[in-house]
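Each remark here refers to the structure printed beneath this line.
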Amino acid sequence: MSVRGFTVNQLHKRLGKLIEQGEGRRYVAVDKESFSDNRESDGVCILDVHGMGILACGVADDDGGTKFDSKGVEVVRRMCVLVGSDRANDRGEIVENRF
């Protein structure tokens, strides 16, 4: 992926591969904390997407806490997650800790 983020064509290609792999019914989410830019203090609020992938994410309950099922097990949902530069490598893949 380019340093600037995804193009529409690149996003379409990546989503097409996920659909071919049977992931087409996954919800899409954004990892808000992975987006940062030195220009935010100057008012920049539209930031480039640098990576995406399928992740198992904990689900929040109605109060914003961790959701548990009737057996006391945390509810987890596989989702297509879009990430910023803080969690993506040069190939647009999600990484745990970039630095």
Side-chain angles (χ1 to χ4, degrees):
M1 292 298 134
S2 71
V3 175
R4 302 250 334 139
F6 279 31
T7 65
V8 171
N9 286 333
Q10 291 167 326
L11 181 60
H12 183 267
K13 184 176 180 180
R14 299 275 307 265
L15 290 172
K17 286 181 182 179
L18 290 177
I19 292 168
E20 289 173 6
Q21 295 168 359
E23 304 285 2
R25 297 182 58 93
R26 301 286 175 207
Y27 285 98
V28 178
V30 175
D31 181 354
K32 189 167 76 169
E33 290 185 359
S34 70
F35 291 85
S36 64
D37 190 295
N38 293 335
R39 301 168 295 169
E40 286 180 271
S41 61
D42 294 331
V44 172
C45 59
I46 305 295
L47 304 176
D48 294 324
V49 172
H50 285 264
M52 65 173 284
I54 300 293
L55 294 177
C57 303
V59 177
D61 63 15
D62 294 335
D63 297 329
T66 302
K67 184 174 183 176
F68 295 93
D69 66 14
S70 61
K71 297 177 183 176
V73 177
E74 181 180 358
V75 177
V76 176
R77 178 183 293 153
R78 286 173 45 87
M79 305 176 93
C80 176
V81 180
L82 305 177
V83 300
S85 60
D86 293 351
R87 282 204 64 201
N89 64 19
D90 293 340
R91 295 180 304 277
E93 301 164 335
I94 296 175
V95 294
E96 287 303 314
N97 293 313
R98 182 167 176 184
F99 303 105

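Only a predicted model underlies this, so the values are computations on that prediction, with no experimental measurement involved. The analysis underlying the following values was restricted to heavy atoms, covering all of them including side chains, and did not include hydrogens, waters or symmetry mates.
D69 has no carboxylate O lying under 4.0 Å from a charged side-chain N of K71, or vice versa, which leaves the two without a salt bridge.
Applying the side chain to side chain contact (heavy atoms under 4.5 Å, CB included) rule to K32 yields no partners; only residues at least two apart in sequence or on another chain are considered.
Although no hydrogens or angles enter the test, the distance criterion places no donor-acceptor pair under 3.5 Å between the side chain of D63 and the main chain of G65.
Members clustered with L55: Y27, M79, V81, V83, I94, by chain and number, using a 4.5 Å side-chain heavy-atom cutoff among hydrophobic residues.
In this structure, NE2 on H12 lies 11.5 Å from OG1 on T7, to the nearest 0.5 angstrom. Rounding to the nearest 0.5 Å gives a distance of 9.0 Å between CG of D31 and CG of D86. Here R39 contributes atom CZ and I46 contributes atom CD1; the two are 11.5 Å apart, rounded to the nearest 0.5 Å. How far CG of L15 is from CD of Q10: 12.0 Å, rounded to the nearest 0.5 Å. Taken from NZ in K17 to CD in E23, the straight-line distance is 14.5 Å, to the nearest 0.5 Å.
Residues R26 and R78 approach most closely at CD-O, 3.2 Å, considering heavy atoms. Nearest heavy-atom pair across H50 and A88 is O-CB, 3.5 Å. Between V76 and A56, the closest heavy-atom pair is CG1-CB, 3.6 Å. The two atoms that bring G84 and S34 nearest to each other are N-OG, 2.7 Å, heavy atoms only. The two atoms that bring D48 and G5 nearest to each other are CB-CA, 4.2 Å, heavy atoms only. Closest of all the heavy-atom pairs between R14 and F6 is NH1-CZ, 3.4 Å.
Annotation for E74: atom CD counts as buried by contact number, over 12 foreign heavy atoms lying within 6.0 Å.
Cluster membership for V59 and F68, using ILVMFWY side-chain heavy atoms within less than 4.5 angstrom, is not shared. Transitive grouping of hydrophobic side chains (ILVMFWY, heavy atoms separated by less than 4.5 Å) brings V28 and V49 into a common cluster.
Looking only at side-chain heavy atoms (C-beta outward), F35 and V30 come within less than 4.5 Å of each other. Looking at E93 and M52, their side chains never come closer than 4.5 Å, going by heavy atoms from C-beta outward.
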